[in-house]
Visitor: 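Questions regarding the structure given below will be posed in turn.
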Amino acid sequence: MTLTLYPAIDLKDGHCVRLLRGEMDQATVFGTDPGAQAAAWQRAGFAWVHVVDLNGAFAGKTVNEDAVKSILAHVSIPVQLGGGIRDIAGVERWLAAGITRVILGSAAAKNPALVREAAKLFPGRVVVGIDAKGGMVATEGWAETSDIPAPELAKRFEDAGIAAIIYTDIARDGMKTGLNLGETKALARAVNIPIIASGGVASVADIVALKAAAAEQPNLNGTILGRALYDGSLTPAEALAAC
C-alpha cells in the first residue's frame with residue numbers, strides 16, 4: 001500500500017516553526033514565508049500540506065489567518081488545517097476559504113457533539129486530532145492533559161463519518177526519536193477509521209517501519225513529516241521513494 005505523507009507547516013507569529021514536545025518557548029524558526037514553504041513542498045512532489053496554527057491552538061481561535069491564506073494562494077494541492085477551530089462557524093469559514101479538511105483537536109475531546117455535527121454537515125472533510133501524553137488525551141495546545149485514553153476518544157467517533165484521525169505522541173513531537181508505533185498500532189486496532197501517525201519521524205527508516213505496520217493494519221494510512229524535513233535529515237525525495 002502507499003502511505004500519504006503530510007509535510008507540516010506549523011505557524012507561530014506568522015512564521016514556519018518547529019516545536020519540541022509542543023512547548024511554545026522551544027520554537028525554532030525555519031522560515032518567514034509560509035506560502036513559499038507550501039509551494040516548495042508541492043514542487044517536491046507531496047500530495048498534501050498539513051498546517052497547524054499554533055497560536056490559535058492556545059488562543060482557541062484562528063490567529064495566523066494571513067499566513068494560512070498565503071499558503072492557500074501558493075498551492076493547488078489540498079491543505080488540512082488545525083489549531084483554534086472550535087465551532088461550526090470556524091469549520092465552515094475555513095472550508096469555504098479553500099481548506100480541504102479541518103482538524104478538530106481540543107474540540108473533539110471537550111465537545112464530541114461538535115465533531116459529529118461537523119462531519120455530518122461536511123462529509124469527508126473533518127479530521128480528529130488526538131494528541132496524547134502517556135497515552136492520555138491532551139488539549140488546549142497540549143497545555144492540559146485529560147483522563148481519557150486515546151483509544152477511548154477515538155471510539156467515540158467510530159460512526160461519525162470523520163475522514164481520519166491524526167495521532168500524535170507529544171513526548172516525541174519534534175524530537176526525531178521515531179514514531180510511537182506501539183501506541184499508534186493499538187489505536188488503529190481499536191477503530192476502523194484511517195489513522196495518520198505523527199510525532200518523531202527522523203529518517204526513511206521510520207517511514208519504512210510505518211509501511212510495514214500498515215501491511216498488517218491497513219487503516220494506518222499516512223504520517224506527518226516535520227523537523228526531519230526542515231533540518232535535512234530526511235529529504236522529500238527519500239521520503240516519497242520510501243512510500
Side-chain angles (χ1 to χ4, degrees), residues 5-12 16-28 30 50-60 63-64 80-86 102-112 115 127-157 164-188 190-191 193 195-203 206-207 209-210 213 220 222-231 233-234:
L5 300 180
Y6 299 82
I9 297 179
D10 287 0
L11 299 170
K12 180 176 185 280
C16 304
V17 306
R18 301 304 301 167
L19 305 184
L20 296 177
R21 300 191 186 99
E23 298 291 341
M24 287 289 268
D25 60 357
Q26 295 288 314
T28 303
F30 282 100
H50 171 82
V51 180
V52 178
D53 180 349
L54 294 172
N55 300 103
F58 283 91
V63 175
N64 287 286
Q80 61 184 20
L81 172 68
I85 304 171
R86 306 283 165 87
V102 296
I103 304 161
L104 299 177
S106 295
K110 298 192 170 186
N111 189 1
V115 175
V127 173
V128 166
I130 297 182
D131 308 321
K133 286 182 178 177
M136 296 296 178
V137 175
T139 60
E140 306 303 326
W142 302 350
E144 298 178 11
T145 305
S146 72
D147 58 359
I148 307 170
E152 182 182 316
L153 180 61
K155 288 176 183 176
R156 296 179 187 177
F157 304 110
I165 289 172
I166 297 172
Y167 179 66
T168 303
D169 180 347
I170 294 169
R172 295 175 183 239
D173 189 68
M175 301 302 291
K176 300 201 318 185
T177 52
L179 291 165
N180 187 334
L181 277 181
E183 284 189 10
T184 305
K185 287 193 288 186
L187 183 71
V191 294
I193 302 164
I195 304 296
I196 300 168
S198 175
V201 171
S203 68
D206 295 312
I207 298 172
L210 181 63
L220 288 171
T223 189
I224 310 292
L225 304 178
R227 183 174 290 269
L229 275 183
Y230 283 92
D231 69 14
S233 57
L234 175 66

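What you see below is based on every heavy atom in this structure, not just the backbone, and it leaves out hydrogens, waters and symmetry mates.
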Visitor: About how many Å separate CD1 of Ile195 and OH of Tyr167, when rounded to the nearest 0.5 Å?
Guide: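 Here the rounded value is 10.0 Å.
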Visitor: Taking all non-hydrogen atoms of both residues into account, name the closest pair between Arg86 and Gly60 and its distance.
Guide: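 Answer, listing the atom of Arg86 first, then Gly60: NH1-CA, 3.4 Å.
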Visitor: Please check if the side chain of Asp53 supplies one atom and the backbone of Val63 the other of a donor-acceptor pair under 3.5 Å.
Guide: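 Pair found, side chain donor or acceptor close to backbone of Val63.
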Visitor: Could you state the interatomic distance from CZ (Arg156) to CD1 (Ile130), rounded to the nearest 0.5 Å?
Guide: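 It comes to 9.5 Å.
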Visitor: Quick one, Val191 and Lys155 - any side-chain contact, counting heavy atoms below 4.5 Å?
Guide: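 Heavy-atom side-chain distance check passes, below 4.5 Å.
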Visitor: With Ile165 as reference, evaluate Leu153, Leu187, Val127 under the side-chain contact (heavy atoms from CB on, under 4.5 Å) test and give the passing residue.
Guide: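 Exactly one candidate clears the test, Leu187.
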Visitor: Of the non-hydrogen atoms in Pro112 and Ala108, which two are nearest, and what is the gap between them?
Guide: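 In terms of heavy atoms, the two residues are closest at CG-O, 3.6 Å.
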Visitor: Given His50, which partner from the list Ile9, Ile103, Leu225 fulfils the side-chain contact (heavy atoms from CB on, under 4.5 Å) test?
Guide: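 It is Ile103; the other options fail the test.
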Visitor: What's the verdict on side chain to side chain contact (heavy atoms under 4.5 Å, CB included) for Arg227 and Thr28, showing C-alpha distance, side-chain angles and the deciding distance?
Guide: CA-CA 9 Å; Arg227 183 174 290 269; Thr28 303; 3.7 Å; yes
Visitor: To the nearest 0.5 angstrom, please state how far the CG atom of Asp206 sits from the CG atom of Leu179.
Guide: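 Between atom CG of Asp206 and atom CG of Leu179 there are 5.5 Å.
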Visitor: Looking at CG of Leu229 and CZ of Phe30, how far apart are the two atoms once the value is rounded to the nearest 0.5 Å?
Guide: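 The distance works out to 10.5 Å.
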Visitor: Between Ala202 and Leu234, which heavy-atom pair has the shortest distance, and what is it?
Guide: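 Taking every non-hydrogen atom into account, O-CB, 4.3 Å.
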Visitor: Closest heavy-atom contact between Ala213 and Lys185?
Guide: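 Shortest heavy-atom separation between Ala213 and Lys185 comes out as CB-CD, 3.7 Å.
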Visitor: Minimum heavy-atom separation for Val137 and Ala150, please, with both atom names.
Guide: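 Looking at all heavy atoms of both residues, the closest pair is CG2-CA, 3.9 Å.
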Visitor: How long is the straight-line distance from CG of Leu104 back to NZ of Lys110, given to the nearest 0.5 Å?
Guide: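 Rounded to the nearest 0.5 Å, the NZ-CG separation comes to 14.0 Å.
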Visitor: Could you pull out the closest heavy-atom pair between Ile196 and Ala164, with the gap in Å?
Guide: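 For Ile196 and Ala164, the tightest heavy-atom pair comes out as CD1-CB, 4.0 Å.
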Visitor: Within the side chain of Asn111, is there an N or O that forms a donor-acceptor pair under 3.5 Å with the backbone of Ala107?
Guide: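 Checked: no pair found.
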Visitor: Among Thr223, Ile166, Ile224, which one satisfies side-chain contact (heavy atoms from CB on, under 4.5 Å) with Tyr6?
Guide: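 Of the listed residues Thr223, Ile166, Ile224, the side-chain contact (heavy atoms from CB on, under 4.5 Å) partner of Tyr6 is Ile224.
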Visitor: How long is the span from the SG atom in Cys16 to the CG atom in Leu11, to the nearest 0.5 Å?
Guide: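 Interatomic distance, Cys16 SG to Leu11 CG, rounded to 0.5 Å: 6.0 Å.
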